[in-house]
Amino acid sequence: MKKNDTVRNIIERYHQNSMIPVSPDDFSCHQSIPLSEVNLHLYKSIVPYCVDFRNRENCYIGNVDIPKSLDAPFLYQYLRETATSFIKVPWENGPIFPDLSKLQMPRFIFSPGRCGSTLAGKIVLTAGGVSLSEPDYYSQISLAKLSSKDVAEEERRKFEALMRKISLDMTIDLLHAYQINSSQILIKLRSECCLNPKIFLFSKTRKQDTIFIIRHFKRWAISFASMFAENNKMEWIENNSVNIYQHAINCFAFLKSHSKVHVITYETMTNTDLANASNLSRAFNLRINPEAIKIAASEDSQKGTVLERRTHHPSSDELKRIDQAFLRWRKNTQGNFLIDNGLGYLLDADLHSQP
């Protein structure tokens with residue numbers, strides 16, 4: 001028997017202004033009623049929020065203020081802080097709005113984080129395009145794993161196909177909410193999504209356009225540690241930095257083979273010369289002029305969040321640990337691949353570690 005889509009009115013919101021991943025437990029709600037029994041127009045602007053793996057349902061927020069959500073540095077935070085209604089859709093029911101005829105698949109932005117991807121979205125918005133920052137259900141799907149590693153290959157393939165279906169269903173509904181004009185929507189992903197880029201490639205007939213943003217390891221590591229590992233910088237640098245950064249490089253290699261990937265480097269993103277504007281225009285599929293870059297870069301793109309720009313001067317010990325981590329990464333990474341794809345500067349040991 002087919003399960004109903006349901007809607008609940010939210011009583012209380014949890015984890016506001018927090019960076020923790022989204023969850024169906026982020027809200028306390030009234031009893032649910034079937035979505036078919038209410039006027040769907042009362043819940044216009046329905047936006048995907050998270051996946052409920054326990055109950056095999058996709059979760060949405062209704063009555064979203066679309067213009068305000070576009071201005072939010074992080075979409076998942078905005079939804080968590082403003083949600084009034086919670087809609088749940090069983091996986092077997094597919095997307096709420098299944099009509100694909102007028103939809104153009106988005107361009108996904110991959111990065112290891114702390115590389116200017118939020119700024120990239122702001123440049124797109126300044127230039128009149130549509131960019132969404134971190135719909136966090138993509139991170140959930142990227143991190144999802146089977147409960148046991150010891151499973152048959154057929155079972156693993158079925159699981160991967162299910163994750164791709166969930167990703168596509170929620171992408172379709174996201175596009176229905178935000179396809180404001182003819183511009184192709186850009187979706188900035190959290191760094192966890194570098195672990196499983198295949199769930200974002202939906203086309204079976206052609207290579208999708210994707211975007212990869214990267215920054216030199218040393219500058220990236222001190223920025224990342226300062227924001228996400230303030231109380232244990234040394235431990236994070238030694239135990240996590242190499243793996244996270246290399247996952248991003250592996251992701252780039254996959255995108256290079258399976259998509260039409262556009263590469264942007266943090267070090268050149270804010271250049272206001274015509275060459276950079278032209279590169280960004282191709283990557284974003286949108287006309288970007290130097291003035292749009294200048295305007296977007298003039299203000300902290302994460303202003304008002306817990307990641308708002310802070311000045312940090314790394315200690316000599318931090319710099320030493322970062323140098324050592326960089327050398328470990330460089331020793332084992334695909335050096336020739338990076339050189340062949342115009343990213344040889346990432347291997348330069350002499351770049352200073354200041355962010």
Side-chain angles (χ1 to χ4, degrees), residues 1-98 132-144 162-163 166-167 169-178 180 187-190 192-193 228 302-308:
M1 181 179 176
K2 186 176 180 179
K3 292 166 62 179
N4 286 322
D5 300 352
T6 59
V7 61
R8 300 165 171 82
N9 288 327
I10 291 172
I11 303 171
E12 190 172 356
R13 311 182 194 100
Y14 308 115
H15 313 304
Q16 296 188 56
N17 197 29
S18 169
M19 299 299 295
I20 68 169
V22 292
S23 163
D25 299 323
D26 286 341
F27 311 105
S28 176
C29 302
H30 284 293
Q31 187 174 357
S32 66
I33 55 176
L35 194 60
S36 59
E37 295 182 10
V38 302
N39 185 345
L40 194 59
H41 292 293
L42 296 177
Y43 295 93
K44 60 185 178 181
S45 303
I46 296 172
V47 175
Y49 177 70
C50 71
V51 181
D52 185 343
F53 290 101
R54 183 174 59 246
N55 294 307
R56 300 176 64 85
E57 295 173 317
N58 296 334
C59 305
Y60 299 72
I61 304 299
N63 291 323
V64 175
D65 187 322
I66 294 298
K68 286 187 178 179
S69 68
L70 280 170
D71 287 336
F74 305 112
L75 178 61
Y76 74 95
Q77 279 191 357
Y78 176 83
L79 296 176
R80 188 151 55 195
E81 293 168 5
T82 62
T84 58
S85 59
F86 198 50
I87 297 166
K88 304 193 79 175
V89 178
W91 290 347
E92 61 267 25
N93 292 6
I96 297 175
F97 305 103
L132 301 173
S133 179
E134 300 188 8
D136 201 28
Y137 54 87
Y138 288 125
S139 308
Q140 283 186 291
I141 301 169
S142 297
L143 293 169
L162 176 60
M163 293 304 102
I166 294 170
S167 177
D169 287 349
M170 299 186 85
T171 297
I172 291 169
D173 284 329
L174 190 73
L175 294 176
H176 271 283
Y178 287 97
I180 298 168
I187 299 177
K188 174 220 168 181
L189 303 169
R190 296 182 85 169
E192 293 87 344
C193 296
F228 298 111
Q302 297 175 335
K303 186 177 181 179
T305 76
V306 294
L307 298 183
E308 189 166 346

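For the single chain, residues carry numbers from 1 onward in sequence order. Keep in mind that the numbers below use all heavy atoms, side chains included, and drop hydrogens, waters and symmetry copies.
Listed for the E192 side chain is no donor-acceptor partner under 3.5 Å among the backbone atoms of Q140. Proximity of a side-chain donor or acceptor of S142 to a complementary backbone N or O of Y138 within less than 3.5 Å is detected. D173 places a side-chain N or O within donor-acceptor distance of the main-chain N or O of I96, the cut-off being under 3.5 Å. Remark: the backbone N or O of D65 is not paired with any side-chain donor or acceptor of S45 at under 3.5 angstrom.
Ionic pairing of R80 and D136 is not present here: no N-O contact between side-chain nitrogen and carboxylate oxygen is shorter than 4.0 angstrom.
Counting all heavy atoms, side chain and backbone alike, A72 lies closest to S133 at O-CB, 4.4 Å. Scanning both residues, Q77 and S18, for their nearest heavy atoms gives NE2-O, 3.1 Å. Contact detail for Y137 and P48: the closest heavy-atom pair is CE2-CB, 3.4 Å. Summarising the geometry of V51 relative to P24, their closest heavy-atom pair is O-CD, 3.9 Å, with the distance given to 0.1 Å. Considering every non-hydrogen atom in both R54 and D25, the closest pair reads NH2-OD1, 3.7 Å.
Considering CE of M163 and CG of L143, their distance stands at 12.0 Å, rounded to 0.5 Å. Interatomic distance, S28 OG to I10 CD1, rounded to the nearest 0.5 Å: 9.5 Å. From M19, atom CE reaches atom CZ of R190 across 5.0 Å, with rounding to the nearest 0.5 Å. A distance of 12.5 Å separates NE2 in H15 from CD in E81, rounded to the nearest 0.5 Å. Annotation: the span from Y60 atom OH to L174 atom CG amounts to 9.5 Å, rounded to 0.5 Å. Rounded to the nearest 0.5 angstrom, R8 CZ and K88 NZ are separated by 5.0 Å.
By the 4.5 Å heavy-atom criterion applied to side chains, I187 and P135 are counted as neighbours. Put simply, the side chain of F27 reaches to within 4.5 Å of the side chain of I61, judged on heavy atoms. At a threshold of 4.5 Å between non-hydrogen side-chain atoms, the residues T84 and N9 do not count as touching. Residues V64 and I46 fail the side-chain proximity criterion, which asks for heavy atoms closer than 4.5 Å. Here the side chains of I172 and P98 are not in contact, with every heavy-atom distance at 4.5 Å or above. With contacts defined as side-chain heavy-atom distances shorter than 4.5 Å, the pair Y78/V47 does not qualify.
Between H176 and F97, the two ring planes are tilted [angle within 30° to 60°]. Between W91 and F53, the angle of the ring planes goes over 60°, which puts this pair in the perpendicular group of the 30/60° scheme.
Side chain to side chain, D26 and Y49 meet the donor-acceptor criterion of an N or O pair below 3.5 Å. For the 3.5 Å distance criterion, the side chains of Y14 and S23 fail to qualify, holding no donor opposite an acceptor. For the residue pair D5/N93, the side-chain donor-acceptor check at 3.5 Å is satisfied.
Q16 CD: more than 12 foreign heavy atoms inside a 6.0 Å radius.
Of the options I87, D52, V89, a side-chain contact (heavy atoms from CB on, under 4.5 Å) to C59 is made by D52 and by none of the others.
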